[in-house]
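Structure, as structure tokens:
Below, each value reflects all heavy atoms present in this structure, side chains not excepted, and no hydrogens, waters or symmetry copies. Just so we're on the same page: letters track the sequence lines, and every chain starts at 1.
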Number of protein chains: 2
Amino acid sequence: MTKIAAVQSCDSCPIRYSAVCARCDADELAQLEQIKYYRTFDVGHMICWAGDEMPFVASVVKGAATLSQTMEDGRTQMVGLLLSSDFIGRPGRTTSPYDVTAVSEVTLCCFRRKPFEGMMMSTPHIGERLLDMTLDELDAAREWMLILGRKTAREKIASLLAIVARREMSIGLVKQSGAVMVELPLTREAMADYLGLTLETVSRQISALKREGIIVLQGKRRIEVPDMQRLLEETGDDVDGGVVA
Amino acid sequence: MTKIAAVQSCDSCPIRYSAVCARCDADELAQLEQIKYYRTFDVGHMICWAGDEMPFVASVVKGAATLSQTMEDGRTQMVGLLLSSDFIGRPGRTTSPYDVTAVSEVTLCCFRRKPFEGMMMSTPHIGERLLDMTLDELDAAREWMLILGRKTAREKIASLLAIVARREMSIGLVKQSGAVMVELPLTREAMADYLGLTLETVSRQISALKREGIIVLQGKRRIEVPDMQRLLEETGDDVDGGVVA
DNA sequence: CGGAGGTTTGATGGAGCTCAACCGCGGTGG
DNA sequence: CCACCGCGGTTGAGCTCCATCAAACCTCCG
């Protein structure tokens, strides 16, 4: 279901300093307020189908969405995982080449395309911020390519957990060492689409990691990592190379 | 071997209208001329090691370079293939997270980092162009993720050939239908690193495509595609979906 | 209670990896 | 001049990891 949510002020916005508007001053923010509106999508609903017209670009305020590509025969590959403050859409292009799906309840801060593109011309802060965010996404995509191309199923699962844990740690509130709690917003099938595996293999590898005590399940979607270092060793990444005495 | 090449004028530059400087006017170009210098790298040589200091950003003028990541145990994955007019380096970051390798003789148009970042602040044309190029690269990376995650070895090879053929066609000089000649600047091993395969599998699949007449080898690196449509059918991509009467 | 969606587990087969041998070619030095 | 070697490529044989097919389980909810 799609809902138009009540407009709230940018001042109290949780992603005020991390989204595409992060560097805008009060004046520029006021202009953005003019062209923005909120929309909410329930879990499982499509925000956009591949090839569809997208009348807006948007920031993810709350929740999680995915970008994915599907082949004729049904094989699908997730190509983007969008969390709070991530940007949806591409200035200068009117259709999305990807399916965009809400994997949890998602709130978007939408900007009508034309006015937004106008603002990009007039206020450099937005384009600059968008460039930085896009470069970050490109780095993430490249890390993902290593996972898809060269890692084993076990390493893929460990890497996914490590990536989400890292993101949750950077948002704050969890200590670096000791037990870490990870909230996975993905079904087994979505994890499989992310990692280029089948859902059965995902399930088996998670079971194996559980059996070995590397992770502890608390329900299906909450995962406790008793020893982050041990999980990182399972990712196949160089983990102690950066240790300096 | 690294060589400092003679400086040539931007006016006669082959990538004048496709590189990061594409939208610059004569005045801005004059500023860029002040901070640029050319360097050439022989085939096989490293332009930069992962983690190294990169004192410049650059445009590829001629030749091909790759970005790749290597795991501790030696598994490597290519994450970028840089051809004429592509951009190397990231403004605001001093080290490269990837190995950058010249896979053919490469000529770079280098800009010292600090002055270039200064120019990005003062002349919006550069940042705007870089944003567009980065978004294109992100799209390419995502197409690549589908290839790595979900395609069979055969589809991967066909996709690689199709991508290179498409790029050569967009550069010009080859007709859309009929036989197409593709110049592959990659060894079997590099293709394997690109596609997340072993070099043996690459070799076998190329042999199979040759046996079936879908491609014709002319030496090791030149490939003729007698019927592009047939090659495209092997990529697994939807190929006739866009046909309009 | 029954059904649907998500998950787990088992059995089996195959695509692609690994190990290994061999080929062709160009460079190099005795 | 040619024997040798290194490099890139091809081909074969066997094995392994993961996909596939199948069945059962759990939990929520109507």
Side-chain angles (χ1 to χ4, degrees), chain A residues 42-45 66 71 73-77 101-104 147-160 183-212 215-223 234 236, chain B residues 42-45 66 71 73-77 101 103-104 147-161 183-212 215-223 234 236:
Chain A
D42 277 350
V43 35
H45 282 251
T66 63
M71 298 169 66
D73 60 8
R75 283 175 281 174
T76 84
Q77 175 63 54
T101 313
V103 289
S104 63
I147 292 173
L148 289 173
R150 291 304 185 189
K151 291 195 177 180
T152 65
R154 184 186 176 88
E155 289 169 341
K156 285 178 174 181
I157 297 289
S159 297
L160 172 57
E183 187 78 41
L184 251 265
L186 304 176
T187 66
R188 297 287 182 265
E189 187 179 20
M191 290 186 232
D193 287 345
Y194 191 122
L195 298 171
L197 297 171
T198 59
L199 66 92
E200 293 96 326
T201 299
V202 170
S203 182
R204 272 186 252 273
Q205 294 299 332
I206 289 182
S207 296
L209 290 174
K210 182 176 62 179
R211 210 176 307 123
E212 297 169 34
I215 61 176
V216 181
L217 296 197
Q218 313 206 325
K220 299 294 178 193
R221 303 282 176 86
R222 289 185 70 81
I223 295 180
E234 297 296 335
Chain B
D42 278 349
V43 38
H45 282 251
T66 62
M71 298 169 66
D73 59 8
R75 283 176 281 174
T76 84
Q77 175 63 53
T101 312
V103 289
S104 64
I147 292 173
L148 288 173
R150 292 303 185 189
K151 291 196 177 180
T152 65
R154 185 184 176 90
E155 289 169 340
K156 285 177 173 181
I157 297 289
S159 298
L160 173 58
L161 295 179
E183 187 76 41
L184 251 268
L186 304 176
T187 65
R188 298 287 182 265
E189 187 179 18
M191 292 186 229
D193 286 346
Y194 191 122
L195 298 171
L197 297 171
T198 60
L199 66 93
E200 293 97 327
T201 300
V202 170
S203 181
R204 271 185 253 273
Q205 295 299 332
I206 288 181
S207 296
L209 291 174
K210 181 177 60 178
R211 210 176 308 124
E212 298 169 35
I215 61 176
V216 180
L217 295 198
Q218 313 207 326
K220 297 296 178 192
R221 303 283 176 85
R222 289 185 71 80
I223 295 180
E234 298 295 337

In whole angstroms, the gap separating P of C:dG6 from CG of A:Leu184 amounts to 15 Å

Length of the line joining B:Leu209:CG and D:dG9:P, which is rounded to integer Å: 16 Å

Could you tell me whether a side-chain N or O of A:Glu155 sits under 3.5 Å from a main-chain N or O of A:Glu234, the two making a donor and an acceptor? no

Apply side-chain contact (heavy atoms from CB on, under 4.5 Å) to B:Val216 and list each qualifying residue two or more places apart in sequence or on a separate chain. B:Glu224, B:Pro226

Nearest-Å distance, CG (B:Leu217) to C1' (D:dT11)? 15 Å

Euclidean distance, atom NZ of residue B:Lys210 to atom C1' of D:dG9 [Å, nearest integer]: 10 Å

Can you measure B:Ile147 atom CD1 to C:dG16 atom P for me and round it to whole angstrom units? 14 Å

My understanding is that only residues two or more places apart in sequence, or in another chain, count here; which of them pass side-chain contact (heavy atoms from CB on, under 4.5 Å) with A:Thr198? A:Glu200, A:Thr201

Considering residues at least two apart in sequence or located in another chain, which fulfil the salt bridge (charged side-chain N to carboxylate O under 4.0 Å, His left out) criterion with A:Arg150? B:Asp193

Round to the nearest Å and state the distance from B:Leu199 atom CG to C:dG16 atom C1'. 13 Å

Which pairs pass salt bridge (charged side-chain N to carboxylate O under 4.0 Å, His left out) with one or both residues in residues 201-211 of chain A, sequence neighbours excluded? none

Between B:Asp73 (CG) and C:dT18 (C1'), how many Å, whole number? 14 Å

Heavy-atom protein contacts under 4.0 Å, nucleotides 15-30 of chain D, coded B base, S sugar-phosphate only, - none: ---SSBB---------

Whether B:Ser207 contacts D:dT11 is assessed here as follows: a side-chain N or O lying under 4.0 Å from the phosphate OP1 or OP2. Is that the case? yes

Just to verify, what does A:Arg221 make a side-chain hydrogen bond (donor to acceptor under 3.5 Å, both in side chains) with, not counting sequence neighbours? none

Starting at atom CG of B:Leu148, determine the distance to atom P of C:dG16, rounded to an integer number of angstrom. 13 Å

